[in-house]
**Q** 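The structure that follows is given in the form of structure tokens.
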Amino acid sequence: MPELPEVETVRRGLSPAMVNRQIAQVELRRKDLRFPFPPNFTRRLRGREILTLRRRAKYLLADLDDQMSLIMHLGMSGSFRVEEETLGDFVHARNRLTAHDHVIFHLSNGQRITYNDPRRFGFMLVIPTADILTHPYFSHLGVEPLSKMLNAKFLARAFNERKTSVKSLLLDQHVIAGIGNIYACEALYEAKISPLREGGDLVTKKGTPTAALMRLPKTIKDVLEKAIAAGGSSLRDHRQTNGGLGYFQHQFKVYSRENEPCYNCGKNKNISRLIQSGRSTFYCPGCQK
DNA sequence: AACACCCCCTGTCGGC
DNA sequence: TGCCGACAGGGGGTGT
């Protein structure tokens with residue numbers, strides 16, 4: 001589920017609850033998510049203070065007070081919720097747990113943070129903070145799409161001579177890190193670029209960006225920023241940490257709108273769906289060239 | 001190197 | 001009503 005805007009929404013929701021707080025206890029309600037929890041996972045977190053909560057691509061990184069960092073990935077269906085857990089409330093709190101509440105962080109201030117993940121594609125691990133940059137999960141990640149690193153010049157270099165479709169390139173976390181299926185579709189629509197175009201086709205023979213490629217960095221940033229402002233997109237599982245829904249799904253122009261009219265072309269053209277790299281792509285054949 | 005394809009897992013939805 | 005297949009926001013591995 002969660003692409004960059006959803007993970008960022010979660011980060012902002014968790015920060016007030018987690019940062020400068022101590023983890024009193026971590027409760028695992030099963031031994032694995034996508035992978036088994038590493039040995040001593042709970043012991044390494046118990047008693048630690050969380051200094052910062054960062055996001056890199058679709059990962060959440062909680063830096064601890066002992067030079068270690070808790071790495072969390074939400075997979076397709078992970079979500080967190082923050083609740084009060086006073087002593088008197090404890091029994092009631094337990095009763096509010098559901099079948100897919102897999103990890104509970106009990107904080108020393110009486111709050112608890114519960115990780116829920118029906119599909120269990122998410123995972124958590126603890127590694128030294130200093131090792132994050134060289135860790136296999138992070139060392140090959142591409143640029144942050146909301147940073148200045150993402151610009152037309154960068155994309156021209158990354159796309160040059162690539163025969164891969166621009167849609168697949170946007171999903172490639174080695175190029176840009178954090179875009180997922182929804183926002184790749186939406187950004188290409190806004191840029192009026194067909195998802196079927198080869199990457200190299202968006203670069204001139206001189207290696208400079210074409211006019212179409214010049215539009216793309218801004219549409220990516222715009223769609224991600226608007227989605228963050230809306231609290232992300234809630235299709236099934238995504239929740240803000242207070243339990244509220246994101247509402248960017250109401251602003252989708254193409255995603256999940258197969259056979260519905262294009263807002264740009266009117267009733268002349270409908271949104272199409274096709275499969276690229278095994279994922280659904282939604283686009284308008286009328287205005288995306 | 002770069003691609004298509006498959007898998008992990010659970011839930012939901014539409015068609016019959 | 002129930003059953004069954006398709007599909008879902010991610011990402012890693014394999015084989016070509």
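So that the names make sense, note that chain A is the first sequence line, chain B the second, and so on, each numbered from 1. Just so we're clear, the structure is a prediction, and the values are computed from it rather than from any experiment.
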**Q** Just to be sure I understand the rule, does A/S168 reach a base, reach only the sugar-phosphate, or reach nothing, if contact means heavy atoms closer than 4.0 Å?
**A**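 If one applies the 4.0 Å heavy-atom cut-off, A/S168 turns out to touch nothing in the nucleic acid.
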**Q** Using atom C1' of each nucleotide, how far apart are C/dG10 and B/dA1 to the nearest Å?
**A**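 To the nearest whole Å, 23 Å.
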**Q** Measuring to OP1 and OP2 of B/dG11, would you say a side-chain N or O of A/H100 lies under 4.0 angstrom away?
**A**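 For B/dG11, OP1 or OP2 has a side-chain N or O of A/H100 closer than 4.0 Å.
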**Q** Could you label the plane-to-plane angle of the A/F80 and A/Y115 rings as parallel, tilted or perpendicular, counting under 30° as parallel and over 60° as perpendicular?
**A**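 The arrangement is tilted - the two ring planes meet at 30° to 60°.
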**Q** Going through the checks in order, is the side-chain hydrogen bond (donor to acceptor under 3.5 Å, both in side chains) test met by A/R81 and A/T241?
**A** CA-CA 4 Å; A/R81 65 178 195 272; A/T241 52; over 6 Å; no
**Q** Find the partner of B/dG11: check Watson-Crick (N1-N3 plus N6-O4 or O6-N4) and G-U wobble (N1-O2, O6-N3) distances, both under 3.5 Å, and reply none if neither fits.
**A**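 Because both required distances fall under 3.5 Å, B/dG11 counts as paired with C/dC7.
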**Q** Tell me: CD of A/Q276 to C1' of B/dC5, nearest whole Å?
**A**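 In whole Å, B/dC5 C1' lies 15 Å from A/Q276 CD.
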**Q** Between A/K58 and C/dG9, does any side-chain N or O lie under 4.0 Å from OP1 or OP2?
**A**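 The answer is no; no side-chain N or O of A/K58 sits under 4.0 Å from OP1 or OP2.
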**Q** Rounding to an integer number of angstrom, what distance separates B/dC9 and C/dC3 when you compare their P atoms?
**A**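 Those two atoms are separated by 23 Å.
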**Q** Could you check which of C/dG12, C/dA8, B/dA4 has an atom nearest any side-chain atom of A/R273?
**A**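 That would be C/dA8.
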**Q** How would you label the contact of A/R34 with the nucleic acid (heavy atoms, under 4.0 Å): base, sugar-phosphate, or nothing?
**A**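 If one applies the 4.0 Å heavy-atom cut-off, A/R34 turns out to touch a base.
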**Q** Would you please confirm or rule out a distance under 4.0 Å between OP1 or OP2 of C/dG10 and any side-chain N or O of A/H73?
**A**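 A/H73 to C/dG10 OP1/OP2: no side-chain N or O under 4.0 Å.
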**Q** OP1, OP2 of C/dA8 versus side-chain N and O of A/S280: anything below 4.0 Å?
**A**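 Yes, within the criterion.
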**Q** Which part of the nucleic acid, if any, lies within contact of A/G180, taking any heavy atom under 4.0 Å across all strands shown: a base, the sugar-phosphate backbone alone, or nothing?
**A**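 Sugar-phosphate contact only.
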**Q** Nearest to the A/F121 side chain among C/dG9, B/dC8, C/dG11, which nucleotide is it?
**A**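 Per side-chain heavy atoms of A/F121, the pick is B/dC8.
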**Q** B/dC9 P sits how many Å from A/D117 CG, rounded?
**A**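 Rounded to the whole Å, the gap is 12 Å.
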**Q** Of the nucleotides C/dG9, C/dA8, B/dG11, which one has an atom closest to the side chain of A/I182?
**A**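 When the side chain of A/I182 is considered, C/dG9 is the closest of C/dG9, C/dA8, B/dG11.
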**Q** Any side-chain N or O of A/R279 under 4.0 Å from OP1/OP2 of C/dG10?
**A**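 For C/dG10, OP1/OP2 do have a side-chain N/O of A/R279 under 4.0 Å.
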**Q** C/dG11 P sits how many Å from A/E6 CD, rounded?
**A**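 One finds 12 Å between P of C/dG11 and CD of A/E6, rounded.
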**Q** Below the 4.0 Å mark, does C/dG9 have OP1 or OP2 next to a side-chain nitrogen or oxygen of A/Y255?
**A**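 The answer is yes; a side-chain N or O of A/Y255 sits under 4.0 Å from OP1 or OP2.
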**Q** Can you tell whether the side chains of A/E186 and A/K253 come within less than 4.0 Å, N to carboxylate O?
**A**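 Salt bridge absent between A/E186 and A/K253.
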**Q** At 4.0 Å (heavy atoms only), tell me whether A/F123 reaches a base, stays on the sugar-phosphate, or touches nothing.
**A**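 Nothing: the residue A/F123, judged by heavy atoms under 4.0 Å, touches no strand.
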**Q** Salt-bridged, A/K58 to A/E6, with N to O below 4.0 Å?
**A**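 Looking at A/E6 together with A/K58, the answer is no, because their closest N to O distance does not fall below 4.0 Å.
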**Q** Out of curiosity, does A/L169 fall in the hydrophobic cluster containing A/L274 (side-chain heavy atoms, cut-off under 4.5 Å, transitive links)?
**A**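 No: no chain of side-chain contacts under 4.5 Å links A/L274 to A/L169.
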**Q** Determine whether a donor-acceptor pair (one donor, one acceptor, N or O, separation below 3.5 Å) exists between the side chain of A/R119 and the base of B/dC9.
**A**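 Indeed, a donor on one side and an acceptor on the other fall under 3.5 Å apart.
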